[in-house]
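In what follows, chains carry the letters A, B, and so on, assigned in the order in which the sequence lines appear, proteins first and then strands, with residues in each chain numbered from 1.
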Protein chains: 2
Amino acid sequence: MAAKKTFGQTIRDLRKAMTPPLTQRELAERVAARMREEDRRGFDFTYLSKIENDRLPPPSAAAIIALAEELGGDRDDLLALADKAPADLGSEMKKSEGARTFFRSAVNENLSEEEWHKLLDSLKRIKNRREE
Amino acid sequence: MAAKKTFGQTIRDLRKAMTPPLTQRELAERVAARMREEDRRGFDFTYLSKIENDRLPPPSAAAIIALAEELGGDRDDLLALADKAPADLGSEMKKSEGARTFFRSAVNENLSEEEWHKLLDSLKRIKNRREE
DNA sequence: TCTCGTGTTGACTCTCAACTCAACAATGGC
DNA sequence: GCCATTGTTGAGTTGAGAGTCAACACGAGA
C-alpha cells in the first residue's frame with residue numbers, strides 16, 4: 001500500500017499538474033477570488049507555500065473547497081485528507097433539526113464500520129431517488 | 001405546542017428546582033470544579049448569570065455537560081438546545097473512518113428534513129437487525 | 001439603617017485558528 | 001552579472017469564542 005500523500009503534497013502536485021502549471025501566486029489569487037464571494041477571509045500565496053510544505057495545518061473548509069475547484073481535485077477527498085469533518089457538522093447541525101436528531105442517535109448507538117457503511121448505502125439510495 | 005424555553009431559562013429553572021435551590025455562585029463553583037478535571041477553562045458565576053439571561057450564547061460543550069451533571073438534566077437535550085454537536089461526536093469522527101465518510105457525503109448532499117428522517121429510519125432498522 | 005447574600009452589568013483578557021506582510025533565497029533567461 | 005519570477009520564512013494581525021474581574025443594585029433580616 002502506497003504511503004498516503006500529505007495534504008500539502010497533494011495540493012502541490014495538483015497545482016503543478018495543471019496545464020499550464022500554476023504558480024503559487026496565481027493559484028492563491030484565484031482561490032482568494034473564489035473565497036471572497038462566500039467568505040470574508042483571504043488566501044495569500046505565502047500561506048499556500050506553508051501549506052504545501054505542511055508547515056501549517058490545512059486551511060479552512062471554504063479554502064479547501066475553492067482549491068479543489070481551481071485544481072479539479074475531488075473536494076471530498078481533500079476535505080477528508082484535511083480531517084475537516086467536525087467543522088462542517090456544526091453548520092449543518094445548526095440548520096437542520098433532523099440532522100441533529102440523526103447524529104445524536106447514531107453516536108449513541110456506537111456503530112461499527114460495517115454499520116456506517118450500510119448507512120452510507122441508504123444515503124446513496126436516497127440521493128438516487130431524488131435524481132430520478 | 002408550548003413555546004420552547006431558551007437555554008438560559010432552562011438552566012435557571014433547573015438550578016432553582018434543586019433541593020435545596022443552588023445560588024449562581026454555588027452552581028458555578030461546582031461546574032468549575034468538574035470542568036477543571038477535564039478541561040482547562042473555568043466557569044465564573046457572573047458568566048452563569050449572563051447565560052441564564054441569554055445575554056451570551058451557551059457555553060462550551062464541556063461546561064454544558066458539567067451543568068447537566070450538577071443539575072440532573074439530560075445532557076443531550078441541553079446540548080441540542082445549545083445547538084452544539086453531541087460531545088462525543090468529535091471523538092467518534094476521529095475513531096471511525098466510516099463515520100467520517102458518511103458524514104462528509106451527508107453534508108455535501110444538503111439533505112432536507114424529510115431525507116434526514118428517512119436516514120433515521122434506516123438507522124433504526126440497522127439497530128433492530130442487531131438486536132435480533 | 002446597615003449589611004449580607006444574591007444577582008447583574010460593562011469592560012476587559014486570554015487563546016487559538018486562520019491568515020497577512022515584509023523580507024529574503026534560489027533559479028533561469030538575457 | 002543583472003534582474004525578473006517563483007518560492008520560503010518568521011513575525012505580526014485579526015476575529016471569534018469563551019470566559020474573568022471589579023463594581024454596582026436590590027431585597028430580607030438583624
Side-chain angles (χ1 to χ4, degrees), chain A residues 6-9 11-18 20-36 38-67 78-79 82-91 93-94, chain B residues 6-9 11-18 20-36 38-67 78-79 82-85 87 90:
Chain A
T6 66
F7 183 83
Q9 287 168 342
I11 294 295
R12 193 190 293 263
D13 290 353
L14 284 171
R15 176 171 65 82
K16 295 199 166 162
M18 295 289 282
L22 298 177
T23 67
Q24 288 179 342
R25 281 159 228 250
E26 280 166 343
L27 175 55
E29 180 52 44
R30 294 185 190 181
V31 167
R34 261 181 203 274
M35 281 179 68
R36 273 189 250 287
E38 306 262 306
D39 202 297
R40 267 156 212 157
R41 314 198 61 71
F43 198 82
D44 192 78
F45 70 96
T46 67
Y47 185 38
L48 176 57
S49 172
K50 282 166 223 184
I51 285 166
E52 286 191 355
N53 291 297
D54 298 302
R55 305 186 43 94
L56 288 180
S60 66
I64 292 174
I65 288 166
L67 278 166
L78 288 177
L79 284 169
D83 228 350
K84 277 296 177 187
D88 300 15
L89 180 62
S91 61
M93 297 288 256
K94 283 212 169 72
Chain B
T6 65
F7 182 83
Q9 287 168 343
I11 295 296
R12 193 191 293 264
D13 290 353
L14 284 171
R15 176 170 64 82
K16 295 201 164 160
M18 295 290 282
L22 298 177
T23 67
Q24 288 179 343
R25 280 161 229 251
E26 281 168 343
L27 176 54
E29 181 50 44
R30 294 186 190 180
V31 167
R34 260 181 204 274
M35 281 179 66
R36 273 190 248 288
E38 305 263 306
D39 202 297
R40 267 156 211 159
R41 314 198 63 70
F43 199 82
D44 191 78
F45 70 95
T46 68
Y47 185 38
L48 176 56
S49 173
K50 283 167 225 183
I51 285 166
E52 287 192 353
N53 292 296
D54 298 302
R55 304 186 42 91
L56 288 181
S60 66
I64 292 175
I65 288 165
L67 279 167
L78 286 178
L79 285 169
D83 255 352
K84 303 259 181 192

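Contacts between chain B and DNA chain C, taken as any atom within less than 4.0 angstrom of a protein heavy atom, begin and end at C:dT6 to C:dA11.
Here D:dA11 presents its P atom at 18 Å from CG of A:D44, a figure rounded to the nearest Å. Computed from coordinates, the B:L56 CG to D:dC21 C1' distance equals 14 Å when rounded to whole Å. What separates CD of B:Q24 from C1' of D:dC26 is a distance of 14 Å, to the nearest Å. Rounded to an integer number of Å, the gap from B:L48 CG to D:dA18 C1' is 14 Å. D:dT9 atom P lies 14 Å from atom CD1 of A:I51, rounded to whole Å. Rounding to whole angstrom units, CG of residue A:N53 and P of D:dT8 are separated by 5 Å.
You'll find the side chain of A:M18 stays beyond 4.5 Å of the side chain of A:L27, heavy atoms only. Looking only at side-chain heavy atoms (C-beta outward), A:L67 and A:R34 stay at 4.5 Å or farther from each other. A:M35 has its side chain within reach of A:S60: a pair of non-hydrogen atoms, C-beta onward, lies under 4.5 Å apart. Within the 4.5 Å cutoff, side-chain heavy atoms of B:P59 are placed close to those of B:I64.
The backbone N or O of A:T46 sits less than 3.5 Å from a side-chain atom of A:D44, completing a donor-acceptor pair. Formation of a donor-acceptor pair under 3.5 Å by the A:R25 side chain with backbone atoms of A:F45 is not found in this model.
The CD1 atom of B:I51 lies 6.5 Å from the CZ atom of B:F7; values are rounded to the nearest 0.5 Å.
Across all strands shown, A:S60 has heavy atoms under 4.0 Å from sugar-phosphate atoms exclusively, and none from any base. Nucleic acid contact for B:S49: base, since at least one base atom lies under 4.0 Å from a heavy atom of the residue. Using a 4.0 Å heavy-atom distance criterion, A:R25 is classed as a base contact.
Along DNA chain D, the nucleotide nearest B:G42 and the nucleotide nearest A:R15 are compared for position; the residue whose nucleotide lies closer to the 5' end is A:R15. Nearer the 5' end of DNA chain C, as judged by each residue's closest nucleotide, is the contact made by B:E26, out of B:Y47 and B:E26. Residue order along DNA chain C, read from the 5' end via each residue's closest nucleotide, puts A:M35 first among A:F45 and A:M35.
Checking the phosphate oxygens (OP1, OP2) of D:dG10, a side-chain nitrogen or oxygen of A:R55 falls inside 4.0 Å.
The base of D:dG19 is not paired with the side chain of B:K50 by any donor and acceptor separated by under 3.5 Å.
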